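Note sheet for the following structure.
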Amino acid sequence: MLTLAGVSKSFGPRTLFADVSLFVKRTDRLGLVGANGTGKTTLFNLILGEDSLEAGTIEWERGASFGFLPQESAPAGAETILEIALGHSPHHAAGEALDEHDPDYTLEPRAKKILAGLGFRESDAERPAKTFSGGWVMRAHLARLLVQEPTLLLLDEPTNHLDLEALLWFQAYLRNYPGGLVIISHDRAFLNELCTGILELRNQTLYRWTGNFDDYLRQKEAHHAQQLSAYKNQQREIAHLQRFVDRFGAKASLASRAKSKEKQIERLREDAVALPEDDISAPRFHFPQPPRSGLKVATLAKVQQAYGDLVVYRDLDFQAERGQRLVLVGPNGAGKSTLLKILAGLVPIQGGERELGSNVRVGYFSQNRLENLNPRHTVLEEAMEMRAENPAITEQLARTILGGFLFRRDDVFKRVSVLSGGEKSRLALAKFLLAPPNLLLMDEPTTHLDIASTDALVNALRQYEGTLIFISHDVYFIRAIANQVLHVHAGRLTPYAGNYDYYLDKSRASSARAALTAGFTDARPQPGAAAPPVSSGSKTKEQRRAEAEARTARNRQRRALQAQVDALEKEITELEERQGELTARLEAPETYQEPGKPAAVNRELSGVVDRLHAATAEWESLVTALTALDQN
């Protein structure tokens, strides 16, 4: 369908790629990955004919068509959302227009169905596109491509503007797409679900790997290990030959053999195996740690929150404790972002209490932090602004952390005004981590981050010693960071005292990604909600008394269960802290200087772990009983 042969492209003295060749079949589903600046979008522009080749050829099979989704769309005009989806917008690529002489009357129903799948309401179809945000206009252009069904879809970060429900719908749609796909994406789960091959731009070369993104990582690591082994073997051989030359080169009887070995060394060096780049793992660096907070970080008691007639929370109780790395999951609209904003103090609660613990400093990260960047500053100047919050920041520390988020060498002197959306998001995160709070609240922190930047953020947060509560639809990020899960649904919070895989096991979710927005059938009802009114006209006095006594007994039982749950949660927290303290002792060299001390610490640690497992099992049993009681 598409053939690239010997393609090269440079910008000034900088070569993006050289002698790149690629063959794309109609059945191929390829992910295009690589660090920022390696030329992924430029390669798309060359394929689309929007940029000129320096060398090589690009050929399309006769009759093949393409559809392209850029990262940003043209400004929306007076056209409606439906008109964009039908291809009637003036802002789409040449060659993509629908055939006006042979109209297809199935297109409009199909367009409306696709728009609905991407999250549009039925009434949105006739609204002017200019009344929507840029992200929603991008969804309409995505709908246009799906309606047209070109032979090859070229998608540049298509998931950036989708919420999780729309993303899951889009992912399912693409599984059955009849054409080929080439996708630039930083979403590992998305690439894993769809791709049968990965294209990697690195060192001016395009590498092709089979399988999905996880397969690519495994193959790349294996190739890296093989190349490193071959390099070491070759260097050992060269060193061995060189020792012979150095030792016997001056002896007349062995001079000819030494000369032969010198030529052998030259041949080995001409065909030398390159030392493989260590680019599989993300950059690692250290950043300032926040001051230690008290054990109880934030408490919500009997919180009431509503937007008009929509009640989000009624009598909500919640407590965050030091060291938690808690991910919020649940259906869209369940109140996850509202809970973060309540904890951050950004939303005034309508009832109840919000209390922060001792020495707690709150930081809230959302995409609106990008508005706080000064466009006149350079990247480095913007980072150094954080000295107002952390005087210990030096230029070297700032440059080290900026380097972790891919601002390297002269990149730190770029003006903020010329940065891309992804670069601004990375800069905002880097600033945040230069002076981190001890209660960190993050809403979709990996949006607009590429894979390398997400890995840098993961490594940074693994070092973080404060309390983290976050929302994300990136399963890789959640698995790497979260040690507890809180399911939010119908105004109720259901805690899972384990990581994301523990949550998947206990919730019996259908898939790792679908579980992020699941509202399980066993989700508890809204706390404090009044029971539906029941006509008492047909009930006897004895029946009503019996029902009242049953409710009283059930409430008493519930209070007793809740007290046990609260006590166990406190015990589990204390056990986890003790487990951490004992583990740290076993890692400390001074422990082994006192005879018998390591054995004693080990025995205590074993007892703590056993009790922790038992307490967790008791807690799960009680929570299950409490849930069942609430449903009756």
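Here the structure is a predicted model, which means the values were calculated and not measured. FYI, the numbering just counts along the sequence from 1.
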[X] side chain near [Y] side chain, heavy-atom distance below 4.5 Å:
X      : Y      : value
Leu457 : Phe405 : yes
Met384 : His377 : no
Asp443 : Tyr364 : yes
Leu162 : Trp169 : no
Tyr476 : Asp455 : yes
Leu339 : Leu493 : yes
Phe477 : Leu461 : yes
Ile349 : Leu300 : no

Counting only N and O atoms by type, is there a donor-acceptor contact under 3.5 Å from the side chain of [X] to the main-chain atoms of [Y]?
X      : Y      : result
Arg202 : Gly34  : no
Tyr464 : Leu433 : no
Tyr313 : Gly335 : yes
Arg361 : Ser293 : no
Lys336 : Val488 : no
Gln171 : Leu194 : no
Asn499 : Asn483 : no
Arg188 : Phe213 : no
Gln289 : Gln463 : yes
Asn192 : Asn212 : no

Distance check, rounded to the nearest 0.5 Å: [X] atom [atom1] versus [Y] atom [atom2]?
X      : Y      : atom1 : atom2 : answer
Phe170 : Phe190 : CZ    : CZ    : 4.5 Å
Leu167 : Leu118 : CG    : CG    : 10.0 Å
Lys220 : His224 : NZ    : NE2   : 8.5 Å
Ile184 : Leu32  : CD1   : CG    : 5.0 Å

Considering non-hydrogen atoms only, spot the tightest contact between [X] and [Y] and give its length.
X      : Y      : value
Ile393 : Ala398 : CG2-CB, 4.3 Å
Gly31  : Cys195 : N-SG, 3.4 Å
Ser337 : Ile471 : N-CD1, 3.5 Å
Ala334 : Val312 : O-CG1, 4.2 Å
Leu373 : Lys424 : CD1-O, 3.7 Å
Asn359 : Asn438 : O-ND2, 2.7 Å

I'd like to know if [X] and [Y] make a salt bridge, using a cut-off of under 4.0 Å between side-chain N and carboxylate O.
X      : Y      : value
Arg218 : Asp215 : yes
Lys296 : Glu355 : no
Glu381 : Arg376 : no
Lys431 : Glu385 : no

side-chain contact (heavy atoms from CB on, under 4.5 Å) assessment of Asp317 paired with Asp315:
CA-CA 6 Å; Asp317 293 325; Asp315 291 337; 6.0 Å; no
For Val327 and Ile481: C-alpha separation, side-chain torsions, deciding distance, then whether side-chain contact (heavy atoms from CB on, under 4.5 Å) applies.
CA-CA 9 Å; Val327 61; Ile481 297 298; over 6 Å; no
Once the angle between the rings of Tyr503 and Tyr496 is folded into 0 to 90°, is it parallel (under 30°), tilted (30 to 60°) or perpendicular (over 60°)?
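Tyr503 vs Tyr496 ring planes: perpendicular.
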Which word best sums up how the rings of Phe132 and Trp136 line up, parallel for under 30°, tilted for 30 to 60°, or perpendicular for over 60°?
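Geometry flag for Trp136 against Phe132: tilted rings.
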Show the numbers, then the answer: is there a side-chain contact (heavy atoms from CB on, under 4.5 Å) between Val297 and Glu321?
CA-CA 5 Å; Val297 175; Glu321 298 189 348; 5.5 Å; no
So for atom CZ, which belongs to Arg479, do other residues, nucleotides or ligands contribute more than 12 heavy atoms lying within a distance under 6.0 Å?
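For Arg479, atom CZ is crowded (more than 12 foreign heavy atoms under 6.0 Å).
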